[in-house]
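We name chains A, B, ... by the order of the sequence lines, and we start the count at 1 in each one.
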There are 2 protein chains.
Amino acid sequence: MEAQKKVFVERVGVRTEMMGYSPLAGRIIGALLLSEPPYMTFDALCEYLNASKSSISTNLHFLMKEGTGLVEYFTLPGDRKRYFKISIDNWLRHIKEMPKEFQNSNDLLGEILGYREANQLDGEFSHSIKKLLSFYEFMLDKLPSLIEEWEEKIILEK
Amino acid sequence: MEAQKKVFVERVGVRTEMMGYSPLAGRIIGALLLSEPPYMTFDALCEYLNASKSSISTNLHFLMKEGTGLVEYFTLPGDRKRYFKISIDNWLRHIKEMPKEFQNSNDLLGEILGYREANQLDGEFSHSIKKLLSFYEFMLDKLPSLIEEWEEKIILEK
DNA sequence: TGATTAGTTCGTTACTAACCGAACTAACAA
DNA sequence: TTGTTAGTTCGGTTAGTAACGAACTAATCA
């Protein structure tokens, strides 16, 4: 069972690395997803992941700030330690912001198309860019209400 | 106008770097998006981007294979040169595959939840993971038909 | 006040990725 | 067959990133 857990931690590590996190940041996420109880102290993370305090410190900071607040911590009265855990809420909030990513590509591509048309550059190519843009715009239009639809479904299920 | 074009090329470069491409790969995409006609030879790319032949060669290969076929080339009879251009079709095909990315995260998270439940780990945390999973699953369910809806819209507009 | 604990900061090392130039190959042209 | 052009491959340099240990700080405890 412990061995299986470690395998999961590494697999989560690989997945999250592909999302732009460092290997250790990925393993922290993995460890926190699989630990029981679902939070760990600083020292426990160092020991479990065989990592130095400095590396754990750096990566926890990253995950709490830049890393979209994927990790957060709580404290207990009369206890100096911090207890680190995954914030599923922030995780969800982050993936719901996916349309914003689209928006950025969309905007730049739109500007480029504007430039091409203003300078009367090759029409056929501009036309195919327009098609691509229309896809982005369609998604930008539809995704928010799709997300809302899910929100409502979730409320009803409760 | 030429200056404005270069600014665009760099901006595209930065955007695509954020998507995991190398700086030069990003600039190649930018140059090809803005060039008139909408294709360039190997040498023209070297010169325009002030890059070495080897770097251009490596990055074009990447963009044609691993890079989801974002770039392709064509040839002209009686002309040894290759003409490189953006494949908007492949670009579109690639973003339409977005649900597959979801699928991978979804599968791993599902396995983890299975592990947690099999070992009767903290119920509240597992419950919130379930909520996250339900979002992924909802999107996986709805996105394909949304994409199809766009396809139909496009056909009608023609 | 001094000792301990929790976590941070800093300087270094090891590794990887991006890019370059030079030498090379394959195809055609003279 | 020799030269030229288009592009590739290889080895090396440089820049950037991940991680470490040691020294430090801030808070608590005795």
Tell me which residues in residues 33-42 of chain B lie within less than 4.0 Å of DNA chain D, going by non-hydrogen atoms.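 Of all residues in residues 33-42 of chain B, the ones placing a heavy atom under 4.0 Å from DNA chain D are B:F42.
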
Do any of residues 80-87 of chain B sit with a heavy atom less than 4.0 Å from DNA chain D, and if so which?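 When residues 80-87 of chain B is checked for heavy atoms under 4.0 Å from DNA chain D, the hits, listed by number, are B:R80, B:K81, B:R82.
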
By side chain to side chain contact (heavy atoms under 4.5 Å, CB included) - contacts of A:T58 (at least two apart):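 Counting only residues at least two positions away or on another chain, A:T58 forms no side chain to side chain contact (heavy atoms under 4.5 Å, CB included).
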
Set of side chain to side chain contact (heavy atoms under 4.5 Å, CB included) partners for B:E137, sequence neighbours left out: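 Applying side chain to side chain contact (heavy atoms under 4.5 Å, CB included) to B:E137 gives B:N106, B:L133.
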
Tell me who clusters with A:Y39, hydrophobic residues only, linked when side chains sit under 4.5 Å apart either directly or through other members.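 Grouped by the 4.5 Å side-chain rule, A:F74, A:L76, A:Y83 form the rest of the cluster around A:Y39.
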
Test question: given the 4.5 Å side-chain rule for I, L, V, M, F, W and Y, name all other residues clustered with A:L156, or answer none.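 Members besides A:L156: none; it forms no cluster.
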
Linking I/L/V/M/F/W/Y whenever any side-chain heavy atoms sit under 4.5 Å apart, do A:I112 and B:M19 land together?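 Same cluster.
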
Whole Å only: how far is the [atom1] atom of [X] from the [atom2] atom of [N]?
X     : N      : atom1 : atom2 : answer
B:L45 : D:dT8  : CG    : P     : 12 Å
A:D79 : C:dA6  : CG    : P     : 8 Å
A:D43 : C:dT8  : CG    : P     : 12 Å
B:E47 : D:dG7  : CD    : P     : 14 Å
A:H61 : C:dA6  : NE2   : C1'   : 11 Å
A:F62 : D:dA19 : CZ    : C1'   : 15 Å
A:Y73 : C:dA6  : OH    : P     : 15 Å
A:E17 : D:dT17 : CD    : P     : 15 Å

Could I get the full list of salt bridge (charged side-chain N to carboxylate O under 4.0 Å, His left out) partners for B:R93, not counting sequence neighbours?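 B:E97.
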
Taking only residues two or more places apart in sequence, or in another chain, which ones meet B:K81 in a salt bridge (charged side-chain N to carboxylate O under 4.0 Å, His left out)?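 So B:K81 forms no salt bridge (charged side-chain N to carboxylate O under 4.0 Å, His left out) with any residue.
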
With side chains defined as the heavy atoms from C-beta onward, is the minimum distance between A:S22 and A:E17 less than 4.5 Å?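 In short, these two side chains do not touch, never coming nearer than 4.5 Å.
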
Do B:L45 and B:L60 come close enough that some side-chain heavy atom pair is under 4.5 Å?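 A side-chain contact exists here, since the closest heavy-atom pair is under 4.5 Å.
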
Side chains of A:R116 and A:S126, donor plus acceptor under 3.5 Å: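 There is such a pair (donor and acceptor under 3.5 Å, judged by atom type) between the side chains of A:R116 and A:S126.
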
Can you give the donor-acceptor pairs under 3.5 Å from side chains of residues 138-155 of chain A to other protein atoms, not counting sequence neighbours?
{"residue": "A:S145", "atom": "OG", "partner": "A:K142", "partner atom": "O", "Å": "3.0"}
{"residue": "A:W150", "atom": "NE1", "partner": "B:S134", "partner atom": "OG", "Å": "2.9"}
{"residue": "A:E151", "atom": "OE2", "partner": "A:K96", "partner atom": "NZ", "Å": "2.7"}

Heteroatom pairs (N/O) under 3.5 angstrom, protein to nucleotides 11-13 of chain D:
none

Going 5' to 3' through nucleotides 15-21 of chain C and flagging B where a protein heavy-atom sits under 4.0 Å of the base, S where only the sugar-phosphate is that close, and - otherwise, we get ---SSBB

List the atom pairs, with distances to 0.1 Å, where a side-chain N or O of residues 3-13 of chain A and a protein N or O form a donor-acceptor pair under 3.5 Å, not counting sequence neighbours.
{"residue": "A:K6", "atom": "NZ", "partner": "A:Y48", "partner atom": "O", "Å": "3.4"}
{"residue": "A:E10", "atom": "OE1", "partner": "A:R27", "partner atom": "NH1", "Å": "3.3"}
{"residue": "A:R11", "atom": "NH1", "partner": "B:E111", "partner atom": "OE1", "Å": "2.9"}
{"residue": "A:R11", "atom": "NH1", "partner": "B:E111", "partner atom": "OE2", "Å": "3.4"}
{"residue": "A:R11", "atom": "NH2", "partner": "B:E111", "partner atom": "OE2", "Å": "2.7"}

CD1-CD1 distance between A:I129 and B:I86, expressed to the nearest 0.5 angstrom: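 Between A:I129 CD1 and B:I86 CD1, I get 8.5 Å after rounding to 0.5 Å.
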
